[in-house]
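Report on the structure given below.
Order of the sequence lines fixes the chain letters, A, B, ..., with proteins taken first and strands second; residue numbering starts at 1 for each chain.
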Number of protein chains: 2
Amino acid sequence: MSPAHAEIHRTVRDRLDQNDQRYTTGRRAVVDALAETDGPITLPELIDLAPALAQSSAYRNLAVLEEVGVVRRLVHSSDHARYELAEHLTEHHHHLICEQCGSVRDVTLTPELERRLDAAFATVSSAEGFTPTHHTIDLYGRCADCRP
Amino acid sequence: MSPAHAEIHRTVRDRLDQNDQRYTTGRRAVVDALAETDGPITLPELIDLAPALAQSSAYRNLAVLEEVGVVRRLVHSSDHARYELAEHLTEHHHHLICEQCGSVRDVTLTPELERRLDAAFATVSSAEGFTPTHHTIDLYGRCADCRP
DNA sequence: TTGCTTGCAAATGATTTGCACTGCT
DNA sequence: AGCAGTGCAAATCATTTGCAAGCAA
């Protein structure tokens, strides 16, 4: 477990404490699994990484962790949702989504481009009376493994 | 929606013909409903706009229209999916998603920014061996109606 | 103890599907 | 006529929830 892992656990514990929630073995296992991967994972994938967890407990723990703001739930297709650590525990990133195999990997853009995007988003939003809080960018295509 | 309704219907009919599918009253009603709105709609919303459609037929027609490439299905949250006309029938756009009421509205960015984005996407993708085909950008926040 | 957490099994709800009927072509 | 499309009701499947038992503060 990397030092980054240790800090993640500390932050998660703090957030749970602040919300009168316990940091149980099961919740720790969920966080460990999410910290290990280089992209958001589905519930079956999570259970493969943490086989001690019952399915219902995995779902319940993810819901609690999402509520206290350390997990984000993503829905790209209609089968399984995907879960990842919140960006304040990782870093702002986007997703490469393979249309062939369904895998999802994280990518980051340059800070300069993100800055430009935020400016553009502020512009188009205010024209609509919309107040943006955050954004997601998904790139769909073919991943390296599925390349023809 | 840039092409007029008539042109949309012509294109849809062509696509269906090419795939040995008929352009029935129900399918036309689906396309009309999707062409009327300024953002992707859910199935209940679609049925409100086209009350003659049975729920199962709406789902089946949307599936057919998606298969022939004139409808796109979006999933932002875990309740109802949303459907919109494919971009070749409208224009390239993104979404403003209200976290309060769940409404979704279309927005466009400047062509210049889209060009810059495509360039950046090509760069980060090739570094991962990924071949991008298209992208989506979603802005989450508070819509005008839900503003505090 | 006291009550949150867990695991199992049953419930929920959006979407899909079987089947008989309708209506294009 | 013949087969694709439709409506209804039943089936599916990810996710949620009720309940009894386990575990942490």
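- Nucleic acid contact class of B:Arg27 (heavy atoms, under 4.0 Å, all strands): sugar-phosphate only.
- The separation between B:Asp20 atom CG and D:dG5 atom C1' is 15 Å, rounded to whole Å.
- Contact check, B:Thr24 against D:dT6: a side-chain N or O comes under 4.0 Å of OP1 or OP2.
- Looking at the side chain of A:Gln55, the nearest of the listed nucleotides D:dT15, D:dA24, C:dT15 is D:dT15.
- Taking the six-membered ring for Trp and thresholds of 30 and 60 degrees, B:Tyr140 and B:His76 have ring planes more than 60 degrees apart, a perpendicular arrangement.
- As judged by a 4.0 angstrom heavy-atom cut-off over every strand, A:Ala52 is placed among residues touching the sugar-phosphate backbone only.
- Rounded to whole angstrom, the span from the CG atom of B:Leu43 across to the C1' atom of C:dG13 amounts to 13 Å.
- Atom CG of B:Leu65 and atom P of D:dA4 are 17 Å apart (whole Å).
- Nucleotide C:dC24 holds its P atom 13 Å from the CZ atom of B:Arg13, rounded to whole Å.
- One can place CG of B:Asn61 at 14 Å from C1' of C:dT15, the figure rounded to the nearest angstrom.
- Comparing B:Ala63 and B:Thr25 along DNA chain C, the residue whose closest nucleotide (by nearest heavy atom) sits nearer the 5' end is B:Ala63.
- For the pair A:Ile47 CD1 and D:dA14 P, the computed distance is 12 Å after rounding to whole Å.
- The residue B:Gln21 sits close only to the backbone: its heavy atoms come under 4.0 Å of sugar-phosphate atoms, none of a base.
- If you check the side chains of A:Tyr23 and A:His9, you find a donor sitting under 3.5 Å from an acceptor.
- Closest of all the heavy-atom pairs between B:Tyr83 and B:Leu34 is O-CD2, 3.5 Å.
- Rounded to whole Å, atom C1' of D:dC13 lies 14 Å from atom OH of B:Tyr59.
- With hydrogens and angles left out, the side chain of A:Arg60 and the base of D:dG18 share a donor-acceptor pair within 3.5 Å.
- There is no side-chain donor-acceptor pair under 3.5 Å between A:His134 and A:Arg72.
- Residue A:Ser56 is in base contact, counting any heavy-atom pair closer than 4.0 Å across all strands shown.
- For the 3.5 Å distance criterion, the side chains of A:Glu99 and B:Thr133 qualify, holding a donor opposite an acceptor.
- Across all strands shown, A:Asp79 has heavy atoms under 4.0 Å from sugar-phosphate atoms exclusively, and none from any base.
- Contact annotation: B:His80 side-chain N/O to C:dT15 OP1/OP2 distance is under 4.0 Å.
- Using a 4.0 Å heavy-atom cutoff across all strands shown, B:Ala81 reaches sugar-phosphate atoms only and no base atom.
- For A:Arg82 and D:dA14, the CZ to P distance is 14 Å, given to the nearest whole Å.
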